Amino acid sequence: MRTPSKLNGRLLAALLATLACGQAAAAAPAPAARRVLDPPLAGAAMTVVDGRLWVASRGGGLIGFERGARSMRFDLGQGLPSAVVQELASLPDGRLAAGTQAGLVLLDPRNGASKAIAPPGMDGHDMTADLVLAASRGSSVLFQLTAREPDGAEGQAGASLWHWDGERVQAWDPGLGGALVATAGTVDRGDGCFHVAGMRVDGAAQSPWYARQCGAQLRTWRLAEGAPAATVGIAALARAPDGRSTALVMVTQPSADPASRRHVLMTLDEDGRLHPHCSQASFREPVTGLLHSGPELIVARAGAGVHALGCGEPRPLSDDARVSNATALIRDARLGLLVATDAAVWQLGADGAPLAMTPAPGREIPIDALPMEAKASGDLVLLSSPGAGPLELARTPSGWRVVRQWRAGVDLPSAVYGPAAYAGPDQVLAVQLSQGLLRLRQGQAQAVPLDAGALPLDVAVTPGGIWIAAGSTPFGGAAGLHYLGNDGLTRFVALPDRQAQPSGRLLAWPDGRIWAGTRMGIIEADAKGAARRISADRVEALFRNSTRNIIGAVGASVQRWDGERMAPVLFAIEPKPARALGHPVDLVIDDAGRWVILFSGGQVILLDAQLRHVATLDERAGIAPSSRRLLYVPGSREVLIGSAREGVFSLSWP
């Protein structure tokens with residue numbers, strides 16, 4: 001795969017001629033992906049606008065609810081560049097400012113319009129908006145952008161603070177020097193002021209800070225004096241009703257052990273002096289919400305529920321387990337106290353009884369579930385979630401639904417789960433990455449005996465037995481392929497050297513052979529122990545369409561098996577993608593011979609049966625930026641796309 005600028009003249013002419021022949025096919029509307037089931041709500045933030053409750057979901061987009069029913073949604077391909085929405089604020093005119101993993105987006109529920117808000121020159125950069133405050137008067141938003149690592153993890157090194165005044169975006173600098181990271185903030189509905197707190201990083205030293213901006217007036221405080229020892233962050237803040245003080249939850253961690261972390265409640269007076277809160281409270285659990293209710297504070301904690309706190313011991317507002325894992329907390333003038341959890345949003349009554357403000361959670365699909373294998377009929381699909389374990393979907397007239405699930409920590413040992421495969425009518429094999437292999441039946445899990453030190457990465461089932469790809473160990477265990485025959489025969493096929501580590505993807509043949517993708521190409525092995533090298537380029541994924549017997553591979557390049565060797569697949573990408581593609585990480589080939597190729601940048605390339613480029617799909621077509629794996633559903637034109645943090649999507653190519 002090359003872009004036209006890198007081709008020599010003769011090849012470019014040939015490709016352009018081919019492209020011209022395929023213009024009619026390319027002119028057809030590009031397909032769009034749609035969500036398969038809803039992930040857990042995982043409410044990160046909430047707001048109420050014109051009686052509609054909006055919930056920011058970490059992976060499910062932005063969802064509006066009215067009278068307990070979903071009434072509107074912004075999602076991938078529907079106004080959002082990322083379905084991971086972690087911050088949310090509402091402007092006085094009813095518009096929503098959503099902080100996503102792909103930046104800040106301004107949304108208008110009245111007409112469904114959306115607009116990206118970015119500093120000059122930063123459009124399209126891989127930045128997440130992880131703190132968003134909207135003014136209670138006019139059109140003004142304060143937000144933070146943080147650079148993300150290539151794998152999607154957030155960091156703080158590239159954090160920057162910005163102010164949007166309704167027209168322009170400008171840097172927001174409190175004048176404290178050093179690098180500033182904002183970790184908590186609120187807007188005082190009484191005076192309309194922004195209140196922001198966080199950490200100042202100056203070389204190896206870090207210290208807390210606080211700032212208040214009212215219109216053009218800005219005042220800042222360094223909070224080193226009076227702050228608890230080993231302060232590493234500020235988790236939440238809340239303004240007192242009289243405006244004379246601010247409650248801060250300061251996070252301390254005196255040692256490298258995360259278990260030493262505490263959330264300490266402090267009070268900041270009008271002159272910027274810090275004092276311990278009169279309750280002397282500190283918490284082991286993360287504080288996820290903080291607000292004032294008269295003379296008391298209301299504190300929400302992950303795993304500990306919601307409590308009222310005066311100058312004594314915390315008083316639980318509800319003993320209902322459904323609100324124990326609180327993820328966000330707000331108070332609305334009409335709806336009262338609302339608590340978001342990882343499953344729903346609840347309204348807390350005076351007696352502490354929770355009333356569901358969103359649909360009761362059903363059988364949801366884990367946010368990181370990746371499709372693994374489909375039954376030949378195409379009616380059942382096996383998925384695996386690294387955190388939650390394997391599950392099975394069934395196709396129904398109304399779409400896919402969860403029919404079986406094995407839950408890590410409940411039905412299975414706690415582990416990081418990798419690939420899974422069908423091993424019979426009622427059996428599933430599940431890989432515990434670099435740990436072990438389980439044979440699963442409904443209500444039963446049994447460990448599969450492996451050689452000592454074997455670190456399984458993938459599993460595949462052939463008519464004669466099970467193949468397992470294993471990586472090398474730090475203590476000398478060789479990378480290779482383990483074979484467990486149905487007749488009791490076991491065999492180990494070592495890979496050529498330690499550089500030939502398996503990529504973790506196996507391709508099983510009906511005659512019992514196996515192809516393994518490695519860093520040094522494709523290795524073929526059979527049950528007798530014979531092995532040979534098929535190709536030399538790094539391979540991350542292999543796919544064979546059994547109906548047409550077409551085999552493809554991706555990794556260092558895109559390749560196709562011509563019957564004797566893996567040959568490169570060259571195609572011109574026109575027009576140029578909106579952003580960098582990255583490298584190919586997965587592919588499938590449908591029964592019409594068309595190729596669907598997933599790239600590490602979260603984009604999908606479609607090739608027709610003649611291997612001509614048809615379309616490039618990105619988040620505007622519903623492709624999740626964190627997409628990781630593809631699965632072709634046999635007998636259909638449907639491809640399932642699994643992602644690391646945005647759920648599972650279905651792409652149907654007519």
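Reckoned from all heavy atoms, side chains included, excluding hydrogens, waters and symmetry mates. Treat the numbers as computed from the prediction; the structure is a model and nothing was measured.
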Are a donor atom and an acceptor atom from the side chains of [X] and [Y] found within less than 3.5 Å of each other?
X      : Y      : value
Ser207 : Trp209 : no
Thr128 : Gln101 : no
Thr100 : Gln86  : no

Original post:
Which pairs, with at least one residue in residues 37-75 and sequence neighbours excluded, count as a ring-ring contact (aromatic ring centres under 6.0 Å, His included)?
Top reply: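 Applying ring-ring contact (aromatic ring centres under 6.0 Å, His included) to every pair that reaches into residues 37-75, excluding sequence neighbours, yields Trp54-Phe74.
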Search all heavy atoms of [X] against all heavy atoms of [Y] and return the closest pair with its distance.
X      : Y      : answer
Gly312 : Ser279 : O-CB, 3.7 Å
Glu646 : Ala624 : OE1-CB, 3.3 Å
Leu335 : Gln347 : O-NE2, 2.6 Å
Ala98  : Leu62  : CB-CD2, 4.4 Å
Leu290 : Ala236 : CB-CB, 3.9 Å
Phe194 : Ala134 : CE2-C, 4.1 Å

Original post:
Listed by chain and number, what are the salt bridge (Lys or Arg N to Asp or Glu O under 4.0 Å) partners of Asp269, not counting sequence neighbours?
Top reply: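 Listed in chain order: Arg273.
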**OP:** Identify, with sequence neighbours excluded, every residue that meets salt bridge (Lys or Arg N to Asp or Glu O under 4.0 Å) alongside Arg441.
**Re:**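 For Arg441, no residue satisfies salt bridge (Lys or Arg N to Asp or Glu O under 4.0 Å) once neighbours in sequence are set aside.
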Per-pair distances, 0.1 Å, donor-acceptor, side chain in residues 136-145, under 3.5 Å, sequence neighbours excluded:
unit_1: Arg137; atom_1: NH2; unit_2: Gly190; atom_2: O; d: 2.8
unit_1: Ser139; atom_1: OG; unit_2: Arg95; atom_2: NH2; d: 3.2
unit_1: Ser140; atom_1: OG; unit_2: His163; atom_2: NE2; d: 2.6
unit_1: Gln144; atom_1: OE1; unit_2: Ala182; atom_2: N; d: 2.7
unit_1: Gln144; atom_1: NE2; unit_2: Asp130; atom_2: OD1; d: 2.9
unit_1: Gln144; atom_1: NE2; unit_2: Ala182; atom_2: O; d: 3.0

Is any side-chain heavy atom of [X] closer than 4.5 Å to a side-chain heavy atom of [Y]?
X      : Y      : answer
Thr267 : Leu248 : no
His195 : Val187 : no
Pro390 : Leu440 : yes
Leu133 : Val196 : yes
Leu53  : Met46  : yes
Phe283 : Arg262 : no
Thr252 : Val232 : no
Ser318 : Pro354 : yes

Without placing hydrogens or testing angles, list every side-chain donor-acceptor pair under 3.5 Å for residues 293-300, not counting sequence neighbours.
unit_1: Ser293; atom_1: OG; unit_2: Arg331; atom_2: NH2; d: 3.3
unit_1: Glu296; atom_1: OE1; unit_2: Arg315; atom_2: NH2; d: 2.8
unit_1: Glu296; atom_1: OE2; unit_2: Arg315; atom_2: NH2; d: 3.2

**OP:** Scan Val339, Val287, Thr288 and name whichever one has a side-chain contact (heavy atoms from CB on, under 4.5 Å) with Leu329.
**Re:**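 So, applying the side-chain contact (heavy atoms from CB on, under 4.5 Å) to Leu329 and each of Val339, Val287, Thr288, only Val339 qualifies.
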Original post:
Pairs in or reaching into residues 213-231: which pass side chain to side chain donor-acceptor pair (under 3.5 Å), with residues at least two apart or in two chains?
Top reply: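 Side chain to side chain donor-acceptor pair (under 3.5 Å) check on residues 213-231 returns Trp172-Gln213.
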Residues which pass side chain to side chain donor-acceptor pair (under 3.5 Å) with [X], listed by chain and number, not counting sequence neighbours:
X      : value
Arg301 : Glu285, His307
Arg284 : none
Asp108 : Arg110
Thr186 : none

Any donor and acceptor pair, going by atom type alone, linking the side chain of [X] with main-chain N or O of [Y] inside 3.5 Å?
X      : Y      : answer
Thr183 : Ile234 : yes
Arg628 : Ser626 : yes
Thr358 : Ala344 : no
Ser245 : Ala240 : no
Asp202 : Gly178 : no
Thr327 : Ala340 : yes
Asp257 : Ser260 : no
Trp400 : Leu393 : no
Ser282 : His263 : no

Subject >> Intermediate values then yes/no, side-chain contact (heavy atoms from CB on, under 4.5 Å), Met72 and Arg52 >> reply: CA-CA 9 Å; Met72 193 173 183; Arg52 178 185 283 152; 3.6 Å; yes
Inter-residue atom distance [X].[atom1] - [Y].[atom2], 0.5 Å rounding:
X      : Y      : atom1 : atom2 : value
Leu237 : Leu268 : CG    : CG    : 9.5 Å
Leu265 : His275 : CG    : NE2   : 13.5 Å
Met127 : Trp162 : CE    : CH2   : 8.0 Å
Asp342 : Ser57  : CG    : OG    : 11.0 Å
Leu91  : Leu96  : CG    : CG    : 8.0 Å
Ser643 : Asp368 : OG    : CG    : 8.0 Å

Subject >> Residue pairs, two or more places apart or on separate chains, that pass salt bridge (charged side-chain N to carboxylate O under 4.0 Å, His left out) and touch residues 232-244 >> reply: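 Passing the test, one end in residues 232-244: Asp188-Arg239.
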**OP:** Hey, could you give me each pair passing salt bridge (charged side-chain N to carboxylate O under 4.0 Å, His left out) that has a residue in residues 68-82? Not counting sequence neighbours.
**Re:**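 Passing the test, one end in residues 68-82: Arg35-Asp75, Asp38-Arg70, Asp38-Arg73, Arg73-Asp75.
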Subject >> Greater than 12 external heavy atoms within 6.0 Å of Asp93's CG >> reply: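 Enclosed: over 12 neighbouring heavy atoms sit under 6.0 Å from CG of Asp93.
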Original post:
Is the CG atom of Asp319 crowded by more than 12 outside heavy atoms at less than 6.0 Å?
Top reply: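 Not more than 12 within 6.0 Å, no.
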Subject >> Chi angles and distances behind the salt bridge (Lys or Arg N to Asp or Glu O under 4.0 Å) call for Arg334, Asp332 >> reply: CA-CA 5 Å; Arg334 186 172 66 87; Asp332 179 68; 5.0 Å; no
Original post:
Yes or no on side-chain contact (heavy atoms from CB on, under 4.5 Å) for Val251 and Arg261, after CA distance, side-chain angles and deciding distance?
Top reply: CA-CA 7 Å; Val251 184; Arg261 181 168 291 196; 3.6 Å; yes
